[in-house]
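Notes for the one structure printed next.
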Amino acid sequence: MRRKFQTLIAERMTEMILGYDRNDWEQFQIKNPVEIVLPKKTSNILIAGKSGSGKSLSARWYLWQLLHNRESLVYIADYKAGEEYEAFEGSPSYASGEKAFDMINDFYQFFTEVRSRKLRLQQHYTLFIEEWFGLLTYAENQSKKLKTELMAKISELLSVARGLNIGVIIALQRADASLFGSGAREQFQCVCSFGRCSSEQFRMLGFNSELESNPKSRYGAGEALALIDGQESIKEIKVPFIRNEAVLCNQIRHHLQCQPSLPKLIRAVAGGESTEQ
């Protein structure tokens, strides 16, 4: 007999560390954590930063926290296929290059199945997209229709999926409005801008007046400004240096290997079975 699909949302909420207060760290060597509440309050996260800003390493630390603390299952679409994520190759929860399209499409199908059946998930699910700009550029080179469809799917996920216990994390170098559907960029509950960025970039990310009153507009690798819903002001954060990236990546891969693939989740939802591990 098939198990009934779980319809209750978990009531517990926990915190994920974005980084540590930059001023306390530099002045007093105190690690005062800057945290976001998961998953209900903060489900969609935007991570921006140029090459060398520490964006990718910080993103992997965030993914490790989600997986290690069992706050979310994570599915990674990595168009860039850089060495940072090389350790995840072969995992059914990771897709690189053109296969990133398949990962996004499968995640979107899972979302539409959950939504159409009016289900409420106990487990949280996260789609992580690395190098969103590159993926969109490739899609546009193939056909404008492909790019339009891709943007529409991500816009819908950002706008609607949070209420279904589903979230999106996007990493890119520059968060231009042209990379998102109308209003989609405002659906991120947390925005992190790593490294040295222009005033224009800061304003694109929503920092505006806070930036004008804050002369510290330059940041090194692993340092960022964070704008978090529900918190009164922007936060200056510093992500701890990961001494052994290989260990971090191996632990992430272990967690990815232990979670069900998206096709399996889609079959479970369609068949009315539980998606719990």
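For clarity, every value in this text was computed on a predicted model and none was experimentally measured. Along the sequence shown, the residues carry numbers beginning at 1.
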**OP:** Please confirm whether the backbone N or O of Gln187 pairs with a side-chain atom of Asn44, one donor and one acceptor, at under 3.5 Å?
**Re:** yes
**OP:** List the steps, then state whether side chain to side chain contact (heavy atoms under 4.5 Å, CB included) holds for Leu157 with Phe111.
**Re:** CA-CA 8 Å; Leu157 283 168; Phe111 154 73; 3.5 Å; yes
Subject >> Inter-residue atom distance Tyr62.OH - Cys192.SG, 0.5 Å rounding >> reply: 4.5 Å
Original post:
About how many Å separate CD1 of Ile76 and OG1 of Thr126, when rounded to the nearest 0.5 Å?
Top reply: 10.5 Å
**OP:** Quick one: do Leu66 and Phe128 satisfy side chain to side chain contact (heavy atoms under 4.5 Å, CB included)? Show the steps, please.
**Re:** CA-CA 11 Å; Leu66 288 175; Phe128 174 74; over 6 Å; no
Original post:
Do you know which of Leu135, Asp78, Ile169 makes side-chain contact (heavy atoms from CB on, under 4.5 Å) with Ile129?
Top reply: Leu135
**OP:** Drop me the distance from Asn32's CG to Arg22's CZ, to the nearest 0.5 angstrom.
**Re:** 15.0 Å
Original post:
Is there a side-chain contact between Cys258 and Leu67, using heavy atoms and a 4.5 Å cut-off?
Top reply: no
**OP:** Take atom CD of Gln29 as the centre, draw a 6.0 Å sphere, and report whether it contains more than 12 heavy atoms from other residues, nucleotides or ligands.
**Re:** yes
Original post:
For the residue pair Trp61 and Val239, what are the closest heavy atoms and their distance?
Top reply: CE3-CG1, 3.7 Å
Subject >> Heavy-atom pair of closest approach, residues Ile266 and Asp106 >> reply: CD1-O, 3.5 Å
Original post:
What's the verdict on ring-ring contact (aromatic ring centres under 6.0 Å, His included) for Phe101 and Tyr138, showing C-alpha distance, side-chain angles and the deciding distance?
Top reply: CA-CA 10 Å; Phe101 288 98; Tyr138 176 81; 5.8 Å; yes
**OP:** May I ask you to check whether Ser91 and Gln257 show a side-chain donor-acceptor distance below 3.5 Å?
**Re:** yes
Original post:
Which heavy atom of Leu150 sits nearest a heavy atom of Ala139, and at what distance?
Top reply: CD2-CB, 4.3 Å
Original post:
Any side-chain heavy-atom pair from Glu223 and Glu26 closer than 4.5 angstrom?
Top reply: yes
Original post:
Donor-acceptor pair, Arg253 side chain versus Ala87 backbone, under 3.5 Å?
Top reply: yes
Subject >> Cys190 and Met16, any side-chain heavy atoms less than 4.5 Å apart >> reply: no
Original post:
How far does CZ of Phe107 sit from CG of Leu262, to the nearest 0.5 angstrom?
Top reply: 7.0 Å
Original post:
So do Tyr108 and Thr112 actually touch side chain to side chain, heavy atoms under 4.5 Å?
Top reply: yes
Subject >> Closest non-hydrogen atom pair between Ala184 and Leu158, with its separation >> reply: O-CD1, 3.8 Å
**OP:** Keeping the roles fixed (side chain from Trp132, backbone from Leu179), state whether a donor-acceptor pair exists under 3.5 Å.
**Re:** yes
Original post:
Are any side-chain N or O atoms of Arg60 and backbone N or O atoms of Glu84, one a donor and one an acceptor, separated by less than 3.5 Å?
Top reply: yes
Original post:
Can you name the closest pair of heavy atoms from Glu131 and Tyr79 and give their distance?
Top reply: O-CB, 4.5 Å
Subject >> Cluster overlap Ile242 with Val247, hydrophobic side-chain contacts below 4.5 Å >> reply: no
Original post:
Under 6.0 Å from the CD atom of Gln251, do we count more than 12 heavy atoms belonging to anything else shown?
Top reply: yes
Subject >> For Ile47 against Lys55, the heavy-atom pair lying closest together >> reply: CG2-CG, 3.6 Å
Original post:
Does Glu236 reach the main-chain N or O of Asn23 with its side chain, forming a donor-acceptor pair under 3.5 Å?
Top reply: no
Original post:
Can you tell me how far the CD1 atom of Ile228 sits from the NZ atom of Lys235, to the nearest 0.5 Å?
Top reply: 7.0 Å
Subject >> Side-chain donor/acceptor of Asn165 to backbone N/O of Leu121, under 3.5 Å >> reply: yes
**OP:** Answer yes or no: is there a donor N or O on one side and an acceptor on the other, between the side chain of Ser159 and the main chain of Glu156, under 3.5 Å?
**Re:** no
**OP:** Describe, in one word, how the ring planes of Tyr125 and Tyr75 are oriented to each other, choosing from parallel (under 30°), tilted (30 to 60°) and perpendicular (over 60°).
**Re:** parallel
**OP:** Report yes if some heavy atom in the side chain of Phe194 is under 4.5 Å from a heavy atom in the side chain of Ser58; otherwise report no.
**Re:** yes
Original post:
Is the closest side-chain heavy-atom distance between Gln259 and Leu256 below 4.5 Å?
Top reply: yes
Original post:
Between Arg185 and Ala175, is there a donor-acceptor pair closer than 3.5 Å when you use the side chain of the first and the backbone of the second?
Top reply: yes
**OP:** Apply the test side chain to side chain contact (heavy atoms under 4.5 Å, CB included) to residues Ile170 and Phe180: give CA-CA distance (whole Å), side-chain angles for both, the deciding distance (0.1 Å), then the verdict.
**Re:** CA-CA 11 Å; Ile170 291 180; Phe180 299 92; 4.0 Å; yes
Original post:
When rounded to the nearest 0.5 angstrom, what distance separates NZ in Lys31 from OH in Tyr20?
Top reply: 5.5 Å
Original post:
Are His68 and His255 side-chain neighbours, meaning at least one heavy-atom pair lies under 4.5 Å?
Top reply: yes
**OP:** Consider only side-chain heavy atoms of I, L, V, M, F, W and Y, link residues closer than 4.5 Å, and tell whether Ile30 and Ile17 are in one cluster.
**Re:** no
Subject >> Residue that, paired with Ser43, satisfies side-chain hydrogen bond (donor to acceptor under 3.5 Å, both in side chains) out of Arg162, Gln189, His124 >> reply: His124
Original post:
Tell me, do Asp176 and Phe133 make a side-chain contact under 4.5 Å, heavy atoms counted?
Top reply: no
Subject >> Ser72 side-chain N/O to Val74 backbone N/O, donor-acceptor pair under 3.5 Å >> reply: no
